[in-house]
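Values reported hereafter were calculated over all heavy atoms of this structure, with side chains retained and with hydrogens, waters and symmetry mates removed. One-based numbering, in listed order, for ligands and for the atoms of each.
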Amino acid sequence: MAFFKKLKDRLFKSSSKLEEGLEAIVQEGGEEELVEAAAPDEPDPQPEPEPQPVPPAEEPEPAPAPPGVPDRPETPQPAPADPIPEPAEPVPGSPDYPAEVPEAPEPEPVTPPAEAPQPADPMPMDPFPEIPAGDPMGQTARPGILGRLLGRGEPKTVVRRTLDDDMLEQLEELLIASDMGVDTALRVTANMAEGRFGKKLSTEEIKSLLAQEVARIMEPVARPLPLYPKKPQVVLVVGVNGSGKTTTIGKLASQFRAAGKKVVIAAGDTFRAAAVEQLQVWGERAGVPVLTAAQGSDPASLAWDAMEQAQRDGADLLMIDTAGRLQNRADLMEELAKIVRVIRKKDPDAPHNTLLVLDATTGQNALSQVETFQKLADVSGLVMTKLDGTAKGGVLVALADRFGLPIHAIGVGEQIDDLQAFDPEEFAQALTGAAA
Ligand SMILES: Nc1nc2c(ncn2[C@@H]2O[C@H](COP(=O)(O)OP(=O)(O)OP(=O)(O)O)[C@@H](O)[C@H]2O)c(=O)[nH]1
């Protein structure tokens with residue numbers, strides 16, 4: 001799936017903001033140093049991780065587990081490439097190269113034939129004219145040839161800055177400005193600095209360290225939506241208006257359907273006709289039925305009908321959209337609680353997942369939305385939308401660090417395929433601009 005490769009392009013605003021900031025910090029107090037092109041302290045390229053679809057194409061059906069329990073298929077690790085492959089054949093001149101007459105214990109002295117051809121040119125071309133005496137192999141005097149053979153280019157320069165209090169403070173400010181939040185930014189910079197205080201670091205080295213720290217924080221929360229053998233598995237989708245609930249439901253429904261699941265959608269925001277219409281459009285796109293009710297009718301009664309239809313149809317998944325009016329929290333809380341009460345009459349374990357959809361462009365506001373919705377509903381996992389085109393991608397790090405809620409998927413565009421499984425390393429590299 002090509003779209004997995006697009007994350008870096010999609011997150012360009014977040015990564016370019018961080019990259020530019022890091023570059024400026026290092027340039028400010030750094031000094032130029034000479035390095036080889038393939039300096040040993042440059043970060044090692046990592047093998048591309050295998051992409052994982054949001055619903056795994058062939059997910060094993062796990063035993064029932066409480067919501068939020070991860071169901072993460074093992075990522076196959078690519079076999080590490082042999083960094084120094086054995087040459088297929090010994091190179092002439094190398095110690096392994098077989099001698100011409102290996103058996104002869106005492107070789108006859110070789111007499112040059114009388115008719116041995118004399119060089120026509122009295123001043124033959126020296127293939128290695130610059131080899132100094134005492135260095136017959138020319139190892140020190142041919143950096144160009146040997147260096148190029150070994151993959152090293154001409155000497156390059158890199159700017160490195162000594163990690164001190166000033167630089168740390170600037171790094172903290174940059175991370176806070178990238179929406180990582182104060183606590184997370186301080187923790188990340190402290191971890192990056194550990195054991196490196198007083199050492200000189202280049203922009204690339206800092207990016208790589210930052211990417212490692214971000215990936216370490218994100219790793220525990222990167223969990224696909226858990227699937228249970230329960231039919232229907234009920235997924236309640238909550239979030240403020242405009243966060244991307246409808247779009248996310250459409251994208252998820254499309255991916256589950258492509259994975260062979262039977263899906264039913266319930267348009268639970270019965271008060272807003274536009275929201276219902278929008279969901280119907282997405283249902284058509286995904287090829288999934290959308291249950292609606294008369295405008296202004298009780299969302300809980302629609303949820304009941306949807307449960308009945310999903311059970312009757314033998315659906316694998318029922319996704320229930322909900323209203324996102326935070327203006328009147330008491331009403332919304334009561335509405336969500338009633339939906340849950342009603343569907344529990346049909347299945348005491350439902351809803352099996354309560355997905356909170358968050359809009360990345362709201363930055364730090366996403367943190368308070370999590371707090372609010374955790375009080376309104378039993379949030380089991382997050383989907384972060386609109387990571388494309390925002391410079392606030394760092395908020396995902398703050399969310400993971402503060403709440404530890406599973407991040408099931410990220411939205412990176414408005415098209416049906418623009419929902420990706422959350423890959424912590426790919427995200428960390430895309431966010432920081434570190435080399436893959
Ligand atoms: N760029 C981008 N836009 C998105 C993404 N997800 C959703 N959107 C857009 O965000 C807007 C709101 O999305 P909806 O899915 O309608 O949001 P909602 O939460 O259902 O909003 P209401 O229907 O008002 O409750 C739409 O214009 C979507 O196209 C995303 O990942 N990237």
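For the pair Lys230 and Asp349, the salt-bridge criterion is met [side-chain N within less than 4.0 Å of a carboxylate O]. A salt bridge links Lys207 with Glu19: the closest approach of a Lys/Arg side-chain nitrogen to an acidic carboxylate oxygen falls below 4.0 angstrom. Residues Arg402 and Glu371 are paired through a salt bridge, judged by an N-O separation under 4.0 Å between the basic side chain and the carboxylate. The existence of a salt bridge linking Glu335 and Lys338 is excluded, since no basic side-chain nitrogen approaches an acidic carboxylate oxygen closer than 4.0 Å.
In this structure, the separation between CZ on Phe422 and NE2 on His408 is 12.5 Å, given to the nearest 0.5 Å.
Listed by chain and number, residues touching ligand 1 at under 4.0 Å (heavy atoms only) are Val240, Asn241, Gly242, Ser243, Gly244, Lys245, Thr246, Thr247, Lys251, Arg272, Ala275, Thr385, Lys386, Asp388, Gly411, Val412, Gly413, Glu414.
In this structure, Asp166 has no side-chain hydrogen bond (donor to acceptor under 3.5 Å, both in side chains) partners at least two apart in sequence or on a different chain.
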